[in-house]
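Each remark here refers to the structure printed beneath this line.
Counting convention: from 1, in listed order, for ligands and their atoms alike. The first residue in the sequence is number 1, and the count goes up from there.
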Amino acid sequence: MDLEIRRAGEGDLQALTDLEAICFKGQDPWSRDAFLNEVVENSDRTLYLVALAGGKVVGYMGVWMVLDEGDITNVAVDPEFRRRHIAESLIEEMVRRTSEEGITCWTLEVRVDNEAAIRLYEKMGFRAEGIRPKYYEYDGTDALIMWKGRE
Ligand SMILES: CC(C)(COP(=O)(O)OP(=O)(O)OC[C@H]1O[C@@H](n2cnc3c(N)ncnc32)[C@H](O)[C@@H]1OP(=O)(O)O)[C@@H](O)C(=O)NCCC(=O)NCCS
């Protein structure tokens, strides 16, 4: 598969919003305004990447850079393009780019019942280091806190 990964920009906002609605249906998906705030208005402190197959956005991820720490906000891949290592490629590229900006460790929250995502993060070197009880307000599910690169 011919995959291109590049930084997201204002022109990607609708594609991001549409994919978010599909990937996080029933889980409080972000609005277009939320992506505008993240991708455009805070672009000096965030990095959003999109993965394109045949010119179509089929995956994305985002991270906030705070001092030497990368706080991952979301990772999602179009259901029709899953299990083709797209999420893996996005995370690798994010780690490469943010390392160049001085980021040395990365963290995220993931639903404790999201086995696919937990397996993905473990494969990419993240380790579970705690629980945030009832982190997801829409249904009260706990979050697993995962870290990569922290001693
Ligand atoms: C989680 C998600 C991003 C994975 O995307 P993907 O592109 O299919 O993942 P990849 O193909 O890069 O998978 C990499 C590794 O993750 C693990 N993995 C991914 N999906 C998995 C699944 N359904 N079951 C078990 N392991 C899985 C595997 O170890 C896989 O490596 P392998 O294929 O060599 O076994 C995708 O399922 C998704 O968008 N889910 C909905 C949104 C979501 O929950 N995002 C995470 C929020 S924290």
Side-chain angles (χ1 to χ4, degrees), residues 1-9 11-39 42 45-66 69-99 103-150:
M1 186 181 46
D2 188 15
L3 194 72
E4 181 200 347
I5 293 182
R6 63 160 170 76
R7 189 170 188 145
D12 299 309
L13 291 179
Q14 197 55 49
L16 288 168
T17 312
D18 292 347
L19 198 47
E20 169 92 3
I22 293 168
C23 295
F24 295 101
K25 190 170 180 220
Q27 300 184 358
D28 220 357
W30 282 10
S31 64
R32 192 177 192 281
D33 275 354
F35 279 111
L36 178 68
N37 178 61
E38 296 273 319
V39 176
N42 283 293
R45 283 173 288 168
T46 62
L47 173 66
Y48 273 79
L49 296 175
V50 284
L52 298 109
K56 179 188 177 216
V57 174
V58 295
Y60 62 91
M61 76 167 296
V63 60
W64 277 79
M65 293 176 275
V66 183
E69 190 179 301
D71 291 349
I72 295 170
T73 52
N74 42 17
V75 181
V77 171
D78 185 325
E80 290 176 21
F81 287 81
R82 287 185 188 161
R83 297 312 292 264
R84 299 189 206 181
H85 300 139
I86 294 177
E88 212 174 296
S89 303
L90 281 164
I91 294 172
E92 272 172 6
E93 183 64 11
M94 180 280 295
V95 166
R96 194 185 67 73
R97 292 190 188 209
T98 56
S99 294
I103 302 296
T104 57
C105 56
W106 297 266
T107 186
L108 56 85
E109 281 92 12
V110 56
R111 286 175 63 98
V112 291
D113 59 4
N114 193 345
E115 199 177 321
I118 293 169
R119 293 282 95 79
L120 162 72
Y121 300 136
E122 284 175 345
K123 186 174 182 186
M124 304 312 291
F126 286 79
R127 296 291 167 256
E129 290 199 13
I131 296 273
R132 283 196 212 288
K134 299 189 178 11
Y135 180 76
Y136 297 95
E137 289 172 8
Y138 55 87
D139 70 354
T141 299
D142 297 347
L144 201 59
I145 307 166
M146 300 185 83
W147 282 92
K148 173 185 171 72
R150 196 167 72 152

**Item:** Electrostatic pair Glu115:Arg119 at N-O distance under 4.0 angstrom
**Value:** yes
**Prompt:** Of all the atoms in ligand 1, which lie at a distance below 4.0 Å from a heavy atom belonging to Arg84?
**Reply:** 11 (O)
**Fill in**
In ligand 1, the atoms that come under 4.0 Å of a heavy atom of Leu120 are 14 (C), 16 (O), 17 (C)
**Item:** Donor-acceptor pair, side chain of Asp142 and main chain of Lys134, under 3.5 angstrom
**Value:** yes
**Message:** Quick one: does any side-chain atom of Thr46 pair with a main-chain N or O of Val63 as donor and acceptor, under 3.5 Å?
**Reply:** no
Starting from [atom], which protein heavy atom do you reach first, and at what distance in Å?
atom                    : answer
atom 36 (C) of ligand 1 : Arg82 NE, 3.5 Å
atom 11 (O) of ligand 1 : His85 N, 2.7 Å
atom 22 (C) of ligand 1 : Arg83 NH1, 3.2 Å
atom 39 (O) of ligand 1 : Val77 N, 2.8 Å
atom 44 (O) of ligand 1 : Asn114 ND2, 2.7 Å

**Request:** Decide side chain to side chain contact (heavy atoms under 4.5 Å, CB included) for Tyr136 and Asp113; before the verdict, give the C-alpha distance in whole Å, the side-chain angles of both, and the deciding distance to 0.1 Å.
**Result:** CA-CA 12 Å; Tyr136 297 95; Asp113 59 4; over 6 Å; no
May I ask which of [options] has a heavy atom nearer to [atom] than the others do?
atom                    : options                    : answer
atom 26 (N) of ligand 1 : Glu109, Arg119, Gln27      : Arg119
atom 29 (O) of ligand 1 : Glu115, Glu88, Lys123      : Lys123
atom 5 (O) of ligand 1  : Ala116, Ala87, Gly59       : Ala87
atom 46 (C) of ligand 1 : Val75, Asn74, Ile22, Val58 : Val75

**Asked** Going from OG1 on Thr98 to CD on Glu93, what distance comes out if it is rounded to the nearest 0.5 angstrom?
**Response** 9.5 Å
**Request:** Fit a plane to each ring of Tyr60 and Phe35, take the angle between them on a 0 to 90° scale, and name the class: parallel (under 30°), tilted (30 to 60°) or perpendicular (over 60°).
**Result:** perpendicular
**Request:** Answer yes or no: is there a side-chain heavy-atom contact under 4.5 Å between Trp106 and Ile91?
**Result:** no
**Request:** May I ask you to check whether Thr141 and Asp139 show a side-chain donor-acceptor distance below 3.5 Å?
**Result:** yes
**Prompt:** Which bit of Tyr121 gets closer than 4.0 Å to ligand 1, counting heavy atoms only: side chain, backbone, both or neither?
**Reply:** side chain
**Message:** If we only consider heavy atoms of Phe81, is any one of them less than 4.0 Å away from an atom in ligand 1?
**Reply:** no
**Asked** Of the non-hydrogen atoms in Pro133 and Ile131, which two are nearest, and what is the gap between them?
**Response** CD-O, 3.5 Å
